[in-house]
Amino acid sequence: MLDIKILRENPEAAKTKWASRGLDVDVDALLAKDERRRQLITELEELQRTRNASSKEIGMKKKAGEDASEAMAAVREIGEQISAFEKEKAQVIEDLDAQLLSLPNFPHESVPVGHSEADNPVIRTWGSPVEMDFEPKPHWELAEALGIFEFERAAAISGAGFSCLTGPAARLSRGLISFMLDLHTSEHGYTEVAVPLLVNDEALTGTGQLPKFAEELYRIPEDDLWLIPTAEVPLTNLYRDHIFDESELPCNLTGHTPCFRREAGAAGKMTRGMNRLHQFDKVEMVKFVQPSESYAELEKLTGHAEAVLQKLGLHYRVITLCTGDIGFSSAKTYDIELWAPGQQAWLEVSSCSNFEDFQARRAKIRYRKDQGKPEILHTLNGSGVALPRLLVAIMEQGQQADGSIVLPEILRPYLGGMERISAEG
RNA sequence: GGAGAGGUGGCUGAGUGGUCUAAGGCACCGGAUUGCUAAUCCGGCGUAGGAUGAAUUUUCUACCGGGGGUUCAAAUCCCCCCCUCUCCGCCA
């Protein structure tokens with residue numbers, strides 16, 4: 001949510017920033033509504049002040065045994081006016097909030113202007129494609145030959161878009177989760193947290209998934225709960241309504257959860273294999289930081305996600321999302337993409353974003369400097385990283401001519417010494 | 001799921017319709033004092049919003065788990081919901 005004061009001070013700048021995201025916002029209508037809101041507050045408070053004073057007088061008169069029926073009638077009338085004003089005020093605030101909650105964040109000035117993902121610049125590439133003297137296969141062909149995926153069985157119990165890993169693939173997935181969490185906690189300064197997977201409306205509103213993206217979420221109507229689409233939601237909302245002391249920042253959290261996404265708008269993009277699933281595992285990193293530090297922290301956060309891939313020896317690249325492609329809540333986002341040689345495609349495995357105060361204002365996450373007033377802080381998060389596509393890249397980049405897969409050396413302690421996945425077992 | 005108890009400021013805790021303008025204590029901040037590592041005294045000390053202003057100004061309003069209601073007036077009375085604790089039931 002944007003601060004209405006910013007709109008008030010510089011409506012033209014706001015229009016320009018939203019326009020860079022391809023959005024035409026009627027800022028003047030918002031400001032008119034805000035003007036009405038403040039007018040109502042002023043009038044309402046004046047009435048309340050009068051009522052408070054009169055009621056106090058009635059109390060004193062009654063105590064003194066005097067007749068107060070005239071004053072009581074007068075105050076009753078004020079009370080009716082107050083009710084009317086309160087009704088209108090509630091309506092205006094509801095309208096205004098609904099509109100403000102549906103408006104995306106402003107892109108940071110360093111974000112390149114563009115219309116679509118085609119305009120996202122690559123800012124660096126790490127490693128190089130593995131030399132192969134054979135035609136690399138996509139992971140689903142490798143998996144079939146190795147007998148380590150059971151997609152048909154997953155479909156039978158849950159439908160399309162669900163995966164089932166068996167034997168070495170399941171072990172590899174579990175080992176990767178442990179490896180990533182260990183790396184973030186022991187070398188990058190994060191605290192591991194195990195969080196709920198079902199959350200309420202308020203949590204999803206805080207991080208920006210609601211009210212706009214309800215159709216992307218799985219919902220449990222009986223209990224008014226939703227399955228989380230990412231650990232960002234519970235991790236960030238852990239500190240909803242919290243005021244940090246300056247000395248507690250930056251606060252870095254990491255956690256592994258399954259993520260549940262309906263992928264409602266992506267029907268045509270449901271490709272084979274594990275590129276896109278309704279349920280997948282992910283290790284997430286979340287940061288609460290002072291506003292002055294948030295862009296430096298974004299670079300660190302991105303580095304922490306990259307460290308995972310570097311230690312695994314995987315070829316990847318980092319791109320900056322342009323103004324037309326950046327997410328709703330984000331002010332700046334780097335995507336990290338792994339090379340999948342069997343598909344000749346780059347697969348997004350991490351999205352690292354600085355939300356500035358957008359989420360923190362919604363979720364009322366603040367910090368206190370010295371003895372001063374609480375101020376809204378900045379939140380960031382990034383995948384560190386998503387499991388299925390990581391698995392895909394390990395398989396496709398590690399594949400051998402005989403169809404076996406050589407696993408990254410650093411994972412071996414997590415895999416009971418397993419060095420490769422082969423048909424012989 | 002059933003029965004009972006409870007939810008008040010950073011913490012503790014009083015308050016059962018009208019100076020509640022939420023007591024007291026702890027913690028914290030500022031000052032004073034005593035030379036002894038701490039005590040004493042004085043003052044300050046919540047959040048959000050509106051108006052005002054040169055201002056770290058002045059002032060008003062709201063907030064006692066959340067939402068509704070009764071009343072001239074609600075922390076206080078009534079209704080619904082949420083959460084915590086104890087016991088019972090069920091259960092990995």
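In what follows, every heavy atom counts, from backbone to side chain, and hydrogens, waters and symmetry copies are set aside.
- Using Watson-Crick or G-U wobble geometry with both donor-acceptor distances under 3.5 Å, B/U37 finds no partner in any strand shown.
- Between the P atoms of B/G18 and B/U76, the separation comes to 11 Å (whole Å).
- Here, B/G67 and B/G13 have their P atoms 25 Å apart, quoted to the whole Å.
- OP1 and OP2 of B/G49 both lie 4.0 Å or more from every side-chain N or O belonging to A/Arg38.
- Base pairing of B/C90 is not made with any nucleotide, judged by Watson-Crick or G-U wobble geometry with both donor-acceptor distances under 3.5 Å.
- Under the Watson-Crick and G-U wobble criteria, each requiring two contacts below 3.5 Å, nucleotide B/A14 is left unpaired.
- Across all strands shown, A/Lys62 has heavy atoms under 4.0 Å from base atoms, whether or not it also approaches the sugar-phosphate.
- Between the P atom of B/A51 and the CD atom of A/Gln39 lies a distance of 10 Å, rounded to the nearest Å.
- Candidate nucleotides B/U47, B/G50, B/C72 were compared by shortest atom distance to the side chain of A/Arg366, and B/U47 ranks first.
- One finds no side-chain N or O of A/Lys373 lying less than 4.0 angstrom from the OP1 or OP2 phosphate oxygen of B/U56.
- Summary of the strand contacts: A/Gly79 and A/Pro374 both lie near RNA chain B, and taking for each the nucleotide with the nearest heavy atom, the more 5' one is attributed to A/Pro374.
- Two rings, from A/Tyr190 and A/His304, have their centers less than 6.0 Å apart.
- The pairing partner recorded for B/A5 is B/U84, the criterion being a Watson-Crick or G-U wobble arrangement whose two distances lie under 3.5 angstrom.
- At a threshold of 4.0 angstrom between heavy atoms, the contacts of A/Thr42 are confined to the sugar-phosphate backbone, with no base atom among them.
- With a 3.5 Å ceiling on both atom-pair distances, B/A23 lacks any Watson-Crick or G-U wobble partner.
- Both distances falling under 3.5 Å, in either a Watson-Crick or a G-U wobble arrangement, occur for no nucleotide opposite B/U70.
- Note: CG (A/Leu44) to P (B/A62) measures 9 Å, nearest angstrom.
- The 5' end of RNA chain B is approached more closely, in terms of each residue's nearest nucleotide, by A/Ile243 than by the other of A/Arg51 and A/Ile243.
- Considering CD of A/Gln359 and CG of A/Asn105, their distance stands at 9.0 Å, rounded to 0.5 Å.
- Annotation: A/Phe328 is in aromatic contact with A/Phe358 [ring centroid separation under 6.0 Å].
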